[in-house]
Amino acid sequence: MNNSFPEVLSFIRTIYGKEYIPLHRPVFEGNERQYLIDCVDSNFVSTVGSQVDDFERQIAKFVGTNFAVAVVNGTAALQIALQLAGVRPNEEVITQSVSFIAICNAISYNRAKPVFVDVDLDTMGMSPDALDTFLRQNSTLRDGYAYNRKTGKRFAACCPMHTFGTPCRVPEIVEVCEQFGIPVVEDAAESLGSYISDRHVGTFGKLAAVSFNGNKVITTGGGGMILTNDEKLAHQAKHLTTTAKVAHPYQFIHDEIGYNFRLPNLNACLGIAQLEKLKKILKIKTEIQSLYADFFNNKKWEFFSAPEGKTSNYWLNVVLMSSADERDAFLEYSNSQGVMTRPLWGLLSGQAMFRDCQGDDLLNSKWLEERVVNLPSSVPQNQFFKLA
Ligand SMILES: *Cc1c(COP(=O)(O)O)cnc(C)c1O
């Protein structure tokens, strides 16, 4: 075992205490309980209720999009966003291999196939340079659309992700995609509260998806949001996710195959209470990141900080180990000591269902896969980090 490991854990315990330390837990120190009780008392716990609309308006206002449509989870948000971006069966969607499985599942639900391009090391998100190179080498333009030279299929969308909350170079990605007629759908599942200059992520592409799963920056229990500035797309998103019912006081007429993806009102109530604390949560998460950064400053491992001009919500903190062996030793040690740490997701290009999908060399992705370790990143529950 590496003799610096105990030092890392004792530092983590100065922030999070002696008990078992999870990677990321939610905090309910505000109006959560009260709003949930009010919601139950009102009887509007399910698919009808005004808090869903309130929550949507508040999220739209926070991120600065014209519209936000609440859904049952982030994966459903991605699925519908891809459909509305124009993804059809037998088409291809470009995404990054460093990501959570949800994006590949959402692509598959649309009966399309993922194609993987590499990430930048300094953001861990999709590299616009890798994307540009890939498209130049592998696509032909026809009638303003880009087609894969190998498969003949259309590149119907591009889905970059803001990894662990750090914004990727999405303005450049949008620029590249514009030259190839490809709409951008941002996977902003992890990045509520992250900005490029003053602009919130999830506002650069045609559509974006956010998640409110229990381990994200704020939670609705389970939940997600589709973001867009386009009024027509927002209406379609609401329509598709609410069984595509034609508005009528009592008749049930549906004009396409829709989904029952509406966020229950109960979950929206939890979300509204969480949102009241979001700015404070973000401030504390930034403080945690700088405490880690100071600690790792004179250590042999590189600790991840967002590049200049980009504000990360620091959803999950990252330290880079020197090798896969050292990473495994640290994961083994820390988890056996009751400090939850975890490696990067297994690359999506390596998952059984997507192993045959096209991609570039994915050099940075593979490099990160061997070295990334996520450290505990919750808002600590002690008197030094008060949410009140
Ligand atoms: C959490 C997450 C999702 C999916 O969100 P769910 O609400 O869990 O369905 C999608 N993409 C990424 C990158 C995520 O981290």
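When a residue number appears, it is its place in the shown sequence, counting from 1. In each ligand, atom 1 is the first atom listed, and ligand 1 is the first ligand listed.
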Atoms of ligand 1 under 4.0 Å from any heavy atom of Ala102, numbered from 1 in the order shown, are 3 (C), 4 (C), 10 (C)
Once the angle between the rings of Phe100 and Trp345 is folded into 0 to 90°, is it parallel (under 30°), tilted (30 to 60°) or perpendicular (over 60°)?
tilted
Under 4.0 Å from a heavy atom of Gly223: which atoms of ligand 1 are those, numbered in the order shown and with their elements?
7 (O)
May I ask which of Gln96, Met161, Gln79, Lys216 has a heavy atom nearer to atom 14 (C) of ligand 1 than the others do?
Lys216
State which residues pass ring-ring contact (aromatic ring centres under 6.0 Å, His included) with His239; sequence neighbours excluded, sorted by chain then number.
none
Let's go through Tyr292 and Trp301 carefully: what are the C-alpha distance in whole Å and the side-chain angles of both, what is the deciding distance for ring pair (Phe, Tyr, Trp, His ring centres under 6.0 Å) to 0.1 Å, and is it a yes or a no?
CA-CA 12 Å; Tyr292 271 125; Trp301 300 300; over 10 Å; no
Take the angle between the ring planes of Phe155 and Phe134 and call it parallel below 30°, perpendicular above 60°, tilted in between.
perpendicular
Taking both backbone and side-chain atoms of Ser211, is any N or O found less than 3.5 Å from an N or O belonging to ligand 1?
yes
For atom 9 (O) of ligand 1, what's the nearest protein heavy-atom neighbour? Residue, atom name and distance, please.
Thr75 OG1, 2.6 Å
Quick one: nearest non-hydrogen protein atom to atom 15 (O) of ligand 1, plus distance?
Glu190 OE2, 2.6 Å
Is any N or O atom of Ala189, backbone or side chain, closer than 3.5 Å to an N or O atom of ligand 1?
no
Measure the spacing between CZ of Arg169 and CE of Met126 and express it to the nearest 0.5 Å.
12.0 Å
Is the closest heavy-atom distance from Ala106 to ligand 1 below 4.0 Å?
no
Tell me whether ligand 1 is touched by Asp187 - counting only heavy atoms on the residue side and a distance under 4.0 Å.
yes
Decide whether Gln358 and Asn148 meet the rule of one side-chain donor and one side-chain acceptor closer than 3.5 Å.
yes
For the residue pair Arg199 and Phe204, would you count it as a cation-pi contact if the rule is NZ or CZ under 6.0 angstrom from the ring centre and within 45 degrees of the ring axis?
yes
